[in-house]
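Comments concern the structure below.
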Protein chains: 2
Amino acid sequence: MSNEKLTKIEQLCRDKNLKMTGQRKVIAQVLSESEDHPTVEEVYERASSIDGNISLATVYRTVRLLEEENILQSHDFGDGRSRYEEWEDFDNHHHHLIDLESGKIIEFRNDELEILKEKIADELGYKLIDHKLELYGVPVDSKRNPGKK
Amino acid sequence: MSNEKLTKIEQLCRDKNLKMTGQRKVIAQVLSESEDHPTVEEVYERASSIDGNISLATVYRTVRLLEEENILQSHDFGDGRSRYEEWEDFDNHHHHLIDLESGKIIEFRNDELEILKEKIADELGYKLIDHKLELYGVPVDSKRNPGKK
DNA sequence: GTTGATGCAAAATTTTTGCAAGATG
DNA sequence: CATCTTGCAAAAATTTTGCATCAAC
């Protein structure tokens with residue numbers, strides 16, 4: 001019973017020889033278990049509920065580190081705070097549709113898009129490192145009952 | 001010689017019956033003439049050089065208003081500040097490739113992408129209101145002389 | 001042991017707001 | 001002249017940092 005319960009993020013950290021402090025293990029666990037896109041504050045709250053000995057500054061430093069190591073990706077969905085999510089493998093690369101009525105975030109992936117974006121970058125003379133597509137929309141049903149605006 | 005020199009943004013404001021104060025006219029002019037993606041601070045500096053009687057708070061309030069009116073769109077290119085740019089007509093809808101080595105921002109448009117994104121939203125049951133694609137890459141030449149990382 | 005990580009509190013940055021005064025339509 | 005906008009300064013919100021202490025390897 002040594003490494004059998006490592007979360008994916010903790011495993012990636014170990015692969016990169018990052019020091020695994022108690023705080024980092026908890027933050028890694030929180031992020032690996034999160035299925036949404038938590039803000040730093042939310043990561044801090046979830047981590048604190050597991051281990052009270054974690055400071056907000058450490059969460060900020062840790063997510064920054066994990067982003068630099070390409071373990072996390074950050075998002076800006078337009079509300080002024082950065083949100084974080086585990087980087088997916090190539091096969092799971094996905095994007096987001098933000099429901100402008102409910103604020104709900106829908107993940108999707110699309111192979112045509114994956115191919116197209118490589119092509120676009122190539123035509124511009126670039127090798128693609130990262131990319132993000134965000135769609136903002138309203139449910140088609142609500143076209144008939146226009147809310148505000 | 002009445003309205004012949006109105007900038008596009010000022011015209012859009014008038015169409016929406018927004019009060020056209022001196023400050024708003026200057027900010028509209030700055031934004032219409034900008035070909036980059038200025039931050040609020042940059043808009044403030046450019047506006048101040050035309051008319052010293054404009055405060056930073058007014059620039060913040062004005063870009064927020066123009067964004068709500070769908071006259072401006074905001075971007076987050078990952079440096080913690082919002083950047084603004086005039087909304088383009090449908091035919092000029094474009095996206096951005098961020099050069100990770102130089103920080104340069106390259107605009108492009110792609111018809112295939114415009115079609116594909118509508119299709120994706122449609123399949124998810126949404127009517128598309130807005131969207132943004134950002135590509136992050138390095139020039140292909142630099143693959144041979146890898147800089148840092 | 002060396003090196004790097006943490007907590008705390010202070011500071012830096014970006015953005016918002018209350019309010020009295022002023023400008024617009 | 002009623003309503004909305006502005007400037008100012010203060011406050012809010014988010015993120016970063018200096019430094020002494022502590023933990024990982």
Side-chain angles (χ1 to χ4, degrees), chain A residues 2-3 6 9-31 37-45 47-48 50-69 71-72 74-84, chain B residues 2-3 6 9-31 37-45 47-48 50-69 71-72 74-84:
Chain A
S2 57
N3 280 14
L6 292 195
I9 290 178
E10 182 169 348
Q11 188 61 60
L12 290 168
C13 290
R14 289 181 181 280
D15 293 346
K16 289 172 184 284
N17 292 317
L18 303 179
K19 278 193 183 175
M20 287 315 294
T21 62
Q23 290 90 336
R24 284 189 184 170
K25 286 178 196 165
V26 172
I27 294 168
Q29 179 193 340
V30 165
L31 288 163
H37 309 85
T39 62
V40 169
E41 188 71 34
E42 286 166 342
V43 173
Y44 170 64
E45 285 163 13
S48 294
I50 297 173
D51 175 349
N53 188 31
I54 293 178
S55 74
L56 184 57
T58 294
V59 179
Y60 270 103
R61 284 188 275 230
T62 303
V63 295
R64 197 201 324 181
L65 173 71
L66 297 182
E67 189 185 2
E68 286 165 359
E69 296 289 344
I71 292 171
L72 290 184
S74 79
H75 295 289
D76 175 80
F77 290 147
D79 63 354
R81 291 164 296 176
S82 291
R83 296 171 171 277
Y84 292 87
Chain B
S2 56
N3 281 14
L6 291 195
I9 290 178
E10 183 170 349
Q11 187 62 61
L12 290 168
C13 290
R14 290 181 182 280
D15 292 347
K16 288 172 186 284
N17 292 318
L18 303 179
K19 278 193 182 173
M20 288 315 295
T21 63
Q23 290 90 334
R24 284 189 184 169
K25 286 179 197 165
V26 172
I27 293 168
Q29 179 193 338
V30 164
L31 288 163
H37 310 83
T39 63
V40 170
E41 189 71 33
E42 286 164 342
V43 174
Y44 170 64
E45 285 163 11
S48 293
I50 296 173
D51 176 350
N53 188 31
I54 293 177
S55 75
L56 185 57
T58 294
V59 179
Y60 269 104
R61 283 188 277 231
T62 303
V63 295
R64 196 199 328 178
L65 172 71
L66 297 182
E67 189 185 0
E68 286 165 359
E69 296 289 345
I71 293 172
L72 291 184
S74 80
H75 295 288
D76 176 79
F77 290 146
D79 62 355
R81 290 163 298 175
S82 292
R83 297 172 170 275
Y84 292 88

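Below, chain A is the first sequence line, B the second, and so on; all start at residue 1.
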Polar atoms only, N or O, under 3.5 Å: list the protein pairs with nucleotides 10-14 of chain C and their distances.
none

Please examine the side chains of [Y] and [X], heavy atoms only from C-beta on, and report whether any two atoms are closer than 4.5 Å.
X: B/Ile71; Y: B/Leu31; answer: no
X: A/Asp76; Y: B/Ser82; answer: no
X: B/Arg81; Y: B/Glu41; answer: no

Fill in the blank from the handout: By nearest-nucleotide position on DNA chain D, the 5'-leaning member of B/Val59 and A/Val40 is B/Val59
Residues that [X] engages under side chain to side chain donor-acceptor pair (under 3.5 Å), provided they are two or more places apart:
X: A/Glu45; value: none
X: A/Ser55; value: A/Thr58
X: A/Ser74; value: A/Glu67
X: B/Arg83; value: B/Asp79

To the nearest angstrom, how far is [X] atom [atom1] from [N] atom [atom2]?
X: B/Arg24; N: D/dG7; atom1: CZ; atom2: C1'; result: 14 Å
X: B/Asp76; N: D/dT15; atom1: CG; atom2: P; result: 10 Å
X: B/Leu56; N: D/dA11; atom1: CG; atom2: C1'; result: 15 Å
X: A/Arg64; N: D/dT17; atom1: CZ; atom2: C1'; result: 9 Å
X: B/Ile54; N: D/dG7; atom1: CD1; atom2: P; result: 7 Å
X: B/Tyr44; N: D/dT6; atom1: OH; atom2: P; result: 14 Å
X: B/Lys16; N: C/dG25; atom1: NZ; atom2: C1'; result: 19 Å
X: A/Glu68; N: D/dT16; atom1: CD; atom2: C1'; result: 13 Å

Exercise for the section: Return each pair, listed once, that meets side chain to side chain donor-acceptor pair (under 3.5 Å) where at least one residue sits in residues 15-28 of chain B; pairs must be two or more places apart or across chains. Expected result: B/Gln11-B/Asp15
Exercise for the section: Could you tell me which residues satisfy ring pair (Phe, Tyr, Trp, His ring centres under 6.0 Å) with A/Phe77, sequence neighbours excluded, listed by chain and number? Expected result: A/His37, A/His75, A/His96
Handout entry: Any A/Gln23 side-chain N or O less than 4.0 Å from OP1/OP2 of C/dG7
Key = yes
Problem - D/dC8 OP1/OP2 closer than 4.0 Å to side-chain N/O of B/Ser55 - result: no
Practice task
Salt-bridge test for A/Arg64 and A/Glu68: reply yes if a basic N is under 4.0 Å from a carboxylate O, no otherwise.
Solution key: no
Practice task
Of all the heavy-atom pairs spanning B/Glu42 and B/Thr39, show the shortest one and how long it is.
Solution key: OE1-N, 2.8 Å
Completion exercise
Rounding to the nearest 10°, end axes of the helix from C/dG1-D/dC25 to C/dG25-D/dC1 built from five pairs each make an angle of 50°
Practice task
Tell me what B/Asn17 touches on the nucleic acid: a base, only sugar-phosphate, or nothing, going by heavy atoms under 4.0 Å.
Solution key: nothing
Handout entry: Residues which pass side-chain contact (heavy atoms from CB on, under 4.5 Å) with B/Tyr60, listed by chain and number, not counting sequence neighbours
Key = B/Val40, B/Leu56
Problem - Per-nucleotide protein contact string for nucleotides 19-25 of chain D (B base, S sugar-phosphate only, - none; heavy atom under 4.0 Å) - result: -----BS
